[in-house]
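Okay, structure first, notes after.
Computed from heavy atoms alone, side chains included, the values below leave out hydrogens, waters and symmetry copies.
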Amino acid sequence: IGINRDIRKGNAPTLKNNNDVRKFAQEQYKKHGLSESAIKTRMDRKDTGHIISRNHGGKNENNNYMWEDRHANRAHQNDTITKTALRRGGRKTKYDA
């Protein structure tokens, strides 16, 4: 959730592709003191998702990325991520426009 909030609030560098998002997430885990094995476990369970899939016009931009559970990401495939899933992931809250 914290990684998604940092991306949403502009606290992440420019993320040009999925690998940049993964690197940012890994850096955040290190910054918060997780061990290498804990980081590996988290990284293995997560994927970079597009809020609006590239097949539907979504772009590789910070405002379209979401760090999410790998299974959830693969389940929605090319569908736009729902508002409920965005909130659950910390990417959007009821207070956001």
Side-chain angles (χ1 to χ4, degrees):
I1 291 174
I3 291 167
N4 285 323
R5 285 190 181 144
D6 282 344
I7 293 170
R8 178 175 48 86
K9 291 180 177 182
N11 298 331
T14 299
L15 305 169
K16 297 178 184 175
N17 54 46
N18 293 5
N19 199 38
D20 283 354
V21 179
R22 290 190 70 76
K23 287 178 188 175
F24 175 70
Q26 188 172 24
E27 290 169 6
Q28 293 303 300
Y29 292 146
K30 285 180 185 177
K31 179 180 166 183
H32 286 91
L34 272 67
S35 69
E36 289 297 320
S37 63
I39 291 170
K40 183 181 180 334
T41 299
R42 287 186 185 212
M43 297 297 290
D44 287 346
R45 293 186 319 214
K46 298 287 189 169
D47 261 345
T48 302
H50 288 85
I51 295 169
I52 299 172
S53 76
R54 291 177 38 203
N55 289 345
H56 291 122
K59 300 191 182 332
N60 286 347
E61 298 174 338
N62 287 30
N63 64 358
N64 195 39
Y65 283 124
M66 182 167 161
W67 185 240
E68 64 180 323
D69 178 78
R70 176 171 288 181
H71 298 293
N73 184 35
R74 307 252 167 114
H76 64 70
Q77 297 179 358
N78 289 328
D79 294 336
T80 298
I81 296 176
T82 65
K83 289 181 181 181
T84 301
L86 286 170
R87 279 188 216 102
R88 190 173 42 244
R91 190 62 176 88
K92 186 171 181 165
T93 69
K94 64 183 178 180
Y95 303 107
D96 293 332

Inset, instruction - Work out which heavy atom in R70 is nearest to a heavy atom in K46; give both atom names and the distance. - result: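 Reported closest heavy-atom pair: NH2-O, 3.3 Å.
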
Inset, instruction - Specify the closest pair of heavy atoms between E68 and G49, including all atoms of both residues, with the distance to one decimal. - result: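 Looking at all heavy atoms of both residues, the closest pair is OE2-CA, 3.6 Å.
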
Could you tell me whether the side chain of [X] and the main chain of [Y] form a donor-acceptor pair under 3.5 Å?
X: R22; Y: M43; result: yes
X: N64; Y: I52; result: yes
X: H56; Y: D79; result: no

Legend entry - Candidate pair K59 and R54, rule side chain to side chain contact (heavy atoms under 4.5 Å, CB included), full reasoning: CA-CA 6 Å; K59 300 191 182 332; R54 291 177 38 203; over 6 Å; no

Inset, instruction - Kindly determine whether M66 and R91 satisfy side chain to side chain contact (heavy atoms under 4.5 Å, CB included), including the steps that lead there. - result: CA-CA 7 Å; M66 182 167 161; R91 190 62 176 88; 4.0 Å; yes

Inset, instruction - Assess whether side chain to side chain contact (heavy atoms under 4.5 Å, CB included) is satisfied between E27 and K30, documenting all intermediate values. - result: CA-CA 5 Å; E27 290 169 6; K30 285 180 185 177; 5.7 Å; no

Find out if a path of hydrophobic residues (ILVMFWY) with successive side-chain heavy-atom gaps under 4.5 Å connects [X] to [Y].
X: I1; Y: W67; result: no
X: Y65; Y: I3; result: yes
X: V21; Y: I51; result: no

Inset, instruction - Establish, from distance only, whether the side-chain atoms of S35 and S37 form a donor-acceptor pair under 3.5 Å. - result: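 A pair is found: one side chain offers a donor N or O, the other an acceptor, under 3.5 Å apart.
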
Legend entry - Donor-acceptor side-chain pairing of N60 and N17 below 3.5 angstrom: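 N17 and N60 do not have a side-chain donor-acceptor pair below 3.5 Å.
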
Legend entry - Salt-bridge present (D47, R74; N to O < 4.0 Å):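 Judged by the 4.0 Å cut-off on N to carboxylate O distance, D47 and R74 do form a salt bridge.
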
Approximate separation, where rounding is to 0.5 Å, of [X] [atom1] and [Y] [atom2]:
X: T82; Y: L86; atom1: OG1; atom2: CG; value: 6.5 Å
X: I39; Y: Q28; atom1: CD1; atom2: CD; value: 11.0 Å
X: D20; Y: T48; atom1: CG; atom2: OG1; value: 9.0 Å

Indicate yes or no: at least one non-hydrogen side-chain atom of [X] is less than 4.5 angstrom from one of [Y].
X: N18; Y: H50; answer: yes
X: L15; Y: F24; answer: yes
X: Y29; Y: K40; answer: no

